[in-house]
2 protein chains.
Amino acid sequence: MATIRDVAKRAGVSVATVSRVINDNGKVSDKTSRRVKRSIAALGFEPDFLARTWRTRVTHTIAAVVADNTSPHHGIALREASAVALEHNYTLILCTTYFDSQIEKQYLRMLRERRVDGVLLNTVGQSENEIRALTKSGIPVVLLNRPLANQGRLVDAVVVDSYRGARDLVEHLIRVGHRRIAMAYDQALNEFHKRERLRGYKDALRASNLPYNPELIRATRLSHDSGIECAQNQLVFSPRPTALFAAGYGTGLATLAMLRAQGLRIPTDICFAMFDDVTWGDFIDPPLTTVRNPAQELGRQAMELVFARLADRKRPAQEIRLAPSLVVRRSCGAPKIDETLRAQSEQTQIALTMDPSDAVIAAWQGL
Amino acid sequence: MATIRDVAKRAGVSVATVSRVINDNGKVSDKTSRRVKRSIAALGFEPDFLARTWRTRVTHTIAAVVADNTSPHHGIALREASAVALEHNYTLILCTTYFDSQIEKQYLRMLRERRVDGVLLNTVGQSENEIRALTKSGIPVVLLNRPLANQGRLVDAVVVDSYRGARDLVEHLIRVGHRRIAMAYDQALNEFHKRERLRGYKDALRASNLPYNPELIRATRLSHDSGIECAQNQLVFSPRPTALFAAGYGTGLATLAMLRAQGLRIPTDICFAMFDDVTWGDFIDPPLTTVRNPAQELGRQAMELVFARLADRKRPAQEIRLAPSLVVRRSCGAPKIDETLRAQSEQTQIALTMDPSDAVIAAWQGL
DNA sequence: CGATTTAATGTAACTGTTTACATCAATATG
DNA sequence: CATATTGATGTAAACAGTTACATTAAATCG
């Protein structure tokens, strides 16, 4: 492999000049620049990325540490993050923690050793020390969907506004005529989002002067053995609510299965809506009303935040709050429906509100 | 930051000795080893990963280039690959190409420059040169779900046996009583898998002495604008088949929507089954009969293949063929059903055949 | 017991860039 | 015209490890 010295010798210049040409910094006359470039081409010289990295201490690498890359939400965020990275000629390291804080810590330590240039972190908690170590080493950390750790104002964050999402959804249900609305959330749902979604639910009720009934709030737990049965027992209400709102993906799935098991039809017997838009929500019968997380936006903004901080390390920590959007489909047909809403709903149904960009559709086309 | 020289000086030994202690190779007496370790601890010395990488030319990094990380299939494969990487103290770079061969090439060039230690590649094609360049640079390439390029026997591969999957599924449909079985595949489905699935379909028919009717094979195309309508038109049959087999994820979704649009009930009016198991297949109504790809296995084997080749570069190229498994659920209730099958199906339904490990279930629990 | 092997450690070259600083010529400035 | 400034280029010192080879002491062998 040709080195910068070979290039320099052949071009009859110094290595410094070659380096300047390669990096396009410093002053180099047109004439020598051309000569150097010819020399590079002739020798088929390629700068050694590793040597460069070592010398400059920039790895051109960002890591994303997520609890699970297979969830639709983070899958899309990662896809976008990788695209943004590519735009900047950066590379994205994928670290899946499986919701295991030990693995998370292990990854964070590893990433610090490797001196990645930044970390996107969807923490499961307990990594305060590792996060501090990272920032202390000058590695920017951006939290994904977790609020800023109150302890330090050192890290940026981008979060989805769970409160807004829950409130919008419940307000929609109320507007459409529901009065008795149940909410199910997963026991293991992140504390912050649990609180926020519950707050959204309550505020929506209050705004319409509806009573808040704790009886209608249920925690579900999807476990391997007990499976659906568990959720099923936990989700028996009497009298039956007219609408059921699942505050998360897992709960949504469990709830769907539970309703099927109870022989309840959607939306005839009960209306159903869930947090976390799913690509297939449009395709099944009935199409699901969901709160769509701006996953793509989240991935992009998080990445941009890293680059912004790399460009200016003094900037104050920032928390970007993204608004989810309500996707109205058939699963929430209203008990009483007014004409404007009907039209709107009808239209949505026809437009089929395909979540995704062409890219995602293309995605389906592969194996 | 303390360097190896500082450690050496403090311990009163040479840098070589320190290096030997760190890497636990070469001969070092217990006494000096202890002294060195004390010195390391005292100084808080951490070997510089970058310097090491540069010197040894091993990056401890594998890249996975996939068409789309959000598909359930590759999402799971990636999750597993990242876990295997972690076991080996390796890191996984995620490269999503969006089915764009230009981006794929760009990534492959980038990865070669970065001298990753290996590449998992779910190619969309046209990257022969880049693949060759990689292997020529001594970087092992393992193809994901693509057959070995006939041109060179340089790369390993791990593929899902599409033929087997299709054949098993169609044979199941036949056994259960279906005689008129339609198959839909996506126009953009990878050529190899298209051929294999079709072959499986035909062979299954032939084995039962059923006629092959080209009229029952349809290509669908999910496009953004035309959306479902398109699929809808393309999927009108007369007389109607009793079962419809979607040979892919995208087609599966399109088909589901189409059946709904045509007002057909599953499985009462028509039976439905699809390739590519989906995590939610269990939860919706009716639960879907699917061909489950061993995605996890695929990710693991591919990764192991890389490590195997790193350990022995002379080993002959290998193609690992993984068998998919049939997951029988409700969407294929049989027109005529015999008792054993009924029992089997019932049991499956009760066991709820949760695709995933606890990890995936946990996944659902996060935002 | 001298010769040979083995174990433990040290010396210094090597990896390929970047960049601070030096040099020198050409140009601008007072 | 002498001097300061600027532009173009060169020199050589980092950067922080690994490892081939050399050296020395200790152990083993005939």
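Within every chain, numbering begins at 1; the chains are lettered A, B, ... in the order of the sequence lines, protein sequences first and strands thereafter.
- Here D/dA20 presents its C1' atom at 11 Å from CZ of B/Arg20, a figure rounded to the nearest Å.
- Of the candidate nucleotides C/dT17, C/dT18, D/dT18, C/dT18 has the atom nearest to the side chain of A/Asn23.
- Atom CG in B/Asp24 sits about 17 Å away from atom P in D/dG17, given to the nearest Å.
- In this structure, A/Val13 reaches the sugar-phosphate backbone alone: every heavy-atom distance under 4.0 Å involves primed, P, OP1 or OP2 atoms, never a base.
- If you take CD1 of B/Ile4 and C1' of C/dG10, they are 13 Å apart, rounded to a whole angstrom.
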_side chain to side chain contact (heavy atoms under 4.5 Å, CB included), that's the test. Do A/Asn122 and A/Arg146 meet it? Break it down for me._
CA-CA 7 Å; A/Asn122 171 235; A/Arg146 298 290 179 257; 3.5 Å; yes

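- Taking only side-chain nitrogens and oxygens, A/Thr56 never comes nearer than 4.0 Å to OP1 or OP2 of C/dT18.
- A salt bridge (Lys or Arg N to Asp or Glu O under 4.0 Å) with A/Glu46 holds for exactly one of B/Arg112, B/Arg115, B/Arg114; it is B/Arg112.
- Distance CH2 (A/Trp54) to P (C/dT15): 13 Å, rounded to an integer number of Å.
- Using a 4.0 Å cut-off between charged side-chain N and carboxylate O, B/Asp48 and B/Arg55 make no salt bridge.
- The phosphate of C/dG10 (OP1 or OP2) has a side-chain N or O of B/Thr17 nearer than 4.0 angstrom.
- B/Gln102 contributes atom CD, which lies 10.0 Å from atom CD of B/Glu104 (distance to the nearest 0.5 angstrom).
- Between the side chain of B/Asp6 and the backbone N or O of B/Ala2, no donor-acceptor pair lies under 3.5 Å.
- Ionic pairing of A/Arg321 and A/Glu319 is present here: one or more N-O contacts between side-chain nitrogen and carboxylate oxygen are shorter than 4.0 angstrom.
- To the nearest angstrom, C1' of D/dA13 lies 11 Å from CZ of A/Arg5.
- Toward the 5' end of DNA chain D, the nearer of the two residues B/Ala51 and B/Ala16, judged by each one's closest nucleotide, is B/Ala51.
- The side chain of A/Arg52 sits closest to C/dT17 out of D/dT19, D/dT11, C/dT17.
- Distances shorter than 4.0 Å separate some side-chain N or O of B/Ser14 from OP1 or OP2 on C/dG10.
- Straight-line distance from the NZ atom of B/Lys9 to the C1' atom of C/dT11: 16 Å, rounded to whole Å.
- Atom CZ in B/Arg57 sits about 13 Å away from atom P in D/dT19, given to the nearest Å.
- Relative to the side chain of B/Asp48, the nucleotides C/dT17, D/dA16, D/dT19 differ in distance, and D/dA16 lies closest.
- For DNA chain C, the neighbouring residues in residues 26-46 of chain A, judged by any heavy atom under 4.0 Å, are A/Phe45, A/Glu46.
- Rounded to whole Å, atom C1' of D/dC15 lies 13 Å from atom CG of B/Asp6.
- Taking every side-chain heavy atom of A/Arg55 into account, C/dT17 is the closest of D/dG17, C/dT17, C/dT11.
- Side chain of B/Asn23 to main chain of B/Asn25: no donor-acceptor pair is present (N/O by atom type, distance under 3.5 Å, no hydrogens or angles).
- Comparing A/Met1 and A/Asn25 by the nucleotide of DNA chain C whose heavy atom lies nearest to each, the residue mapping closer to the 5' end is A/Met1.
- Of the listed nucleotides (D/dA20, D/dG17, C/dT17), D/dG17 has the atom at the smallest distance from the side chain of B/Pro47.
- Salt bridge present: A/Arg300 and A/Glu80 bring a charged side-chain N and a carboxylate O closer than 4.0 Å.
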